[in-house]
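One structure below.
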Amino acid sequence: MVNIVAYVGSRNPMSSTLRSVKLTKQSLDSEFTADWTILTPNDIKILPVDGTGREFTEGIDYVEEARIDDSHRLKELFKSCDYLILGSPTYGHNVSGDMKIVMDRLTYWGHLFYLAPKPGMAFVSATTNGFLKVGSLLELFMENLGIVISPTVYNTTSTPFDQKKAIETANTILSAVKDGINGKMLEPSVRQEAAFQMLSSTYSRRDSNDCEAKYWREHGFMKCESLNDYFRLAAR
């Protein structure tokens, strides 16, 4: 069965972002059976990074290793799902604090395109303004993880997320999911390809003991000429 995971960075049980995700689920449920996991900070405990940066130098998340939060569970859900949704309210033209913590904890995955080539989408809500900046932040973050993103869903006072929008969003997700079922390879964006070329050049010059360069070499990614090649190799 197809697994869809959504993490919404709001502690408000009446969150507009959460409501948008749930409305999308209801619309998709009427067309397609999928196993959904929808989480908020009320459901799962994610601690901030420890500040050492050892995730980048050693490839180890020591907060996760210590098993003092639920980051291992969240990472496993993100890795194993067929479609990933990240949602956040707009706080001061930025993502919520809880979403930022998740982004900080997964930043080192962005040097590895660790979730390639998974499809996904961002959900953003706001009362007035700043939502486009939040959407851009989530889009960049998700693309750095190797996710092929669908257009971001916005829920604002001027453009509320209604049933029609829920149906459109559900259809977008369904299309991506069916492409995966049919074995259609997703295409990376121009921005993702540029990031790949930069990282590939950087790691080719690094010492063989560098953990990130070692990851690329051990998985055969250093031989890839494009992110399309990387996607095909990662999908095996």
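Everything quoted here is computed from the prediction, not taken from an experiment. Here, residue 1 is the first one in the sequence, and each next residue gets the next number.
Here the side chain of S88 pairs a donor or acceptor atom with the backbone of S96 at under 3.5 angstrom. At least one donor-acceptor pair closer than 3.5 Å links the side chain of Q192 to the backbone N or O of I147. Listed for the D70 side chain is no donor-acceptor partner under 3.5 Å among the backbone atoms of R73. The closest donor-acceptor contact from the side chain of K118 to the backbone of C81 lies under 3.5 Å. A donor-acceptor contact shorter than 3.5 Å links the side chain of E193 to the backbone of L227. Side chain of K165 to main chain of Y154: a donor-acceptor pair is present (N/O by atom type, distance under 3.5 Å, no hydrogens or angles).
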Checklist entry - Going through the distances and angles, do L74 and I46 end up as a side chain to side chain contact (heavy atoms under 4.5 Å, CB included)? => result CA-CA 9 Å; L74 189 68; I46 307 297; 3.9 Å; yes
Checklist entry - Stepwise, does the side chain to side chain contact (heavy atoms under 4.5 Å, CB included) test hold for T57 with R54? => result CA-CA 5 Å; T57 58; R54 290 183 293 181; 4.1 Å; yes
Next on the checklist: Does N129 form a side chain to side chain contact (heavy atoms under 4.5 Å, CB included) with H93? I'd like the steps, not just the answer.
Outcome noted: CA-CA 7 Å; N129 54 28; H93 291 219; 3.1 Å; yes
Checklist entry - Yes or no on salt bridge (charged side-chain N to carboxylate O under 4.0 Å, His left out) for R217 and D210, after CA distance, side-chain angles and deciding distance? => result CA-CA 10 Å; R217 290 192 179 94; D210 178 271; over 6 Å; no
Next on the checklist: Please determine whether ring pair (Phe, Tyr, Trp, His ring centres under 6.0 Å) holds for the pair F141 and W109, giving the CA-CA distance in whole Å, both sets of side-chain angles, and the decisive distance to 0.1 Å.
Outcome noted: CA-CA 10 Å; F141 173 69; W109 278 8; 9.2 Å; no
Checklist entry - What do the steps show when you test C211 against E58 for side chain to side chain contact (heavy atoms under 4.5 Å, CB included), and what is the final call? => result CA-CA 6 Å; C211 70; E58 300 177 30; 5.5 Å; no
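No side-chain N or O of T17 forms a donor-acceptor pair with one of S20 less than 3.5 Å apart. No side-chain donor-acceptor contact under 3.5 Å links S10 and N12. Side-chain atoms of R205 and S201 include a donor-acceptor pair closer than 3.5 Å. Side chain to side chain, T40 and D43 meet the donor-acceptor criterion of an N or O pair below 3.5 Å.
Contact annotation: the side chain of I68 never approaches that of Y62 to less than 4.5 Å [non-hydrogen atoms, C-beta and beyond]. Using a 4.5 Å cut-off on side-chain heavy atoms (C-beta onward), Y83 and V2 make no contact. Side-chain contact between V21 and L23 is absent, with no heavy atoms from C-beta onward closer than 4.5 Å. Between L86 and M99, some side-chain heavy-atom pair lies under the 4.5 Å cut-off. Between Y230 and P188, the closest side-chain pair of non-hydrogen atoms is not below 4.5 Å. No side-chain heavy atom of T127 sits less than 4.5 Å from a side-chain heavy atom of T156.
The OG1 atom of T24 sits 10.5 Å away from atom CD of E168, with the distance rounded to the nearest 0.5 Å. To the nearest 0.5 Å, the span separating CG on L77 from OG1 on T37 amounts to 5.5 Å. Here the straight-line distance linking atom CG of L106 with atom CG of N144 works out to 12.0 Å at 0.5 Å rounding. Distance CD1/I149 to OG/S189: 7.0 Å, rounded to 0.5 Å. N155 contributes atom CG, which lies 11.5 Å from atom CG of L18 (distance to the nearest 0.5 angstrom). Note that the CD1 atom of I167 and the NZ atom of K164 stand 9.5 Å from one another [nearest 0.5 Å].
Evaluation of the salt bridge (charged side-chain N to carboxylate O under 4.0 Å, His left out) test over residues 86-98, restricted to residues two or more places apart or in two chains, returns R11-D98. Listed by first and then second residue, the salt bridge (charged side-chain N to carboxylate O under 4.0 Å, His left out) pairs involving residues 130-156 are E143-R191 (not counting sequence neighbours). For residues 171-188, every residue pair satisfying the side-chain hydrogen bond (donor to acceptor under 3.5 Å, both in side chains) rule, not counting sequence neighbours, is listed here: E187-N228. Sorted by first and then second residue, the salt bridge (charged side-chain N to carboxylate O under 4.0 Å, His left out) pairs with a member in residues 221-236 read D229-R232; sequence neighbours excluded.
Transitive grouping of hydrophobic side chains (ILVMFWY, heavy atoms separated by less than 4.5 Å) brings V153 and V8 into a common cluster. Hydrophobic clustering (ILVMFWY, side-chain heavy atoms < 4.5 Å, transitive): L132 and L138 are in one cluster. Tracing side-chain contacts under 4.5 Å through hydrophobic residues (I, L, V, M, F, W, Y), one never reaches L115 starting from I173; they form parts of separate clusters. Cluster annotation: L140 is not connected to F113 through the hydrophobic network of ILVMFWY side chains, with a link wherever side-chain heavy atoms come within less than 4.5 Å. One hydrophobic cluster holds both I101 and V124 under the rule that ILVMFWY side chains link at heavy-atom gaps under 4.5 Å.
Within 6.0 Å of the NZ atom in K75, the count of heavy atoms belonging to other residues, nucleotides or ligands exceeds 12.
Annotation: ring pair (Phe, Tyr, Trp, His ring centres under 6.0 Å) contacts of H219 (sequence neighbours excluded): Y215, F221. When the salt bridge (charged side-chain N to carboxylate O under 4.0 Å, His left out) test is applied to D82, no partner is found at least two apart in sequence or on another chain.
Nearest heavy atom pair, residue P117 against residue L186, reads O-CD1, 3.3 Å. Taking every heavy atom of both residues into account, F131 and A126 meet most closely at CB-CB, 3.7 Å. Heavy-atom minimum distance, M121 versus P151: CG-O, 3.7 Å. For N3 against S80, the heavy-atom pair with the smallest separation is ND2-O, 4.5 Å. Residue A170 comes nearest to S27 through the heavy atom pair CB-CB, 3.8 Å, listed as atom of the first residue, atom of the second, then distance. Between G97 and Y91, the shortest heavy-atom distance links the atoms N-CD1, 4.4 Å.
Taking the six-membered ring where the residue is Trp, F123 and F161 present tilted rings, their angle falling between 30° and 60°.
Residue H111 is tested with Y203, F196, F56, W216 for a ring-ring contact (aromatic ring centres under 6.0 Å, His included); the sole match is F56.
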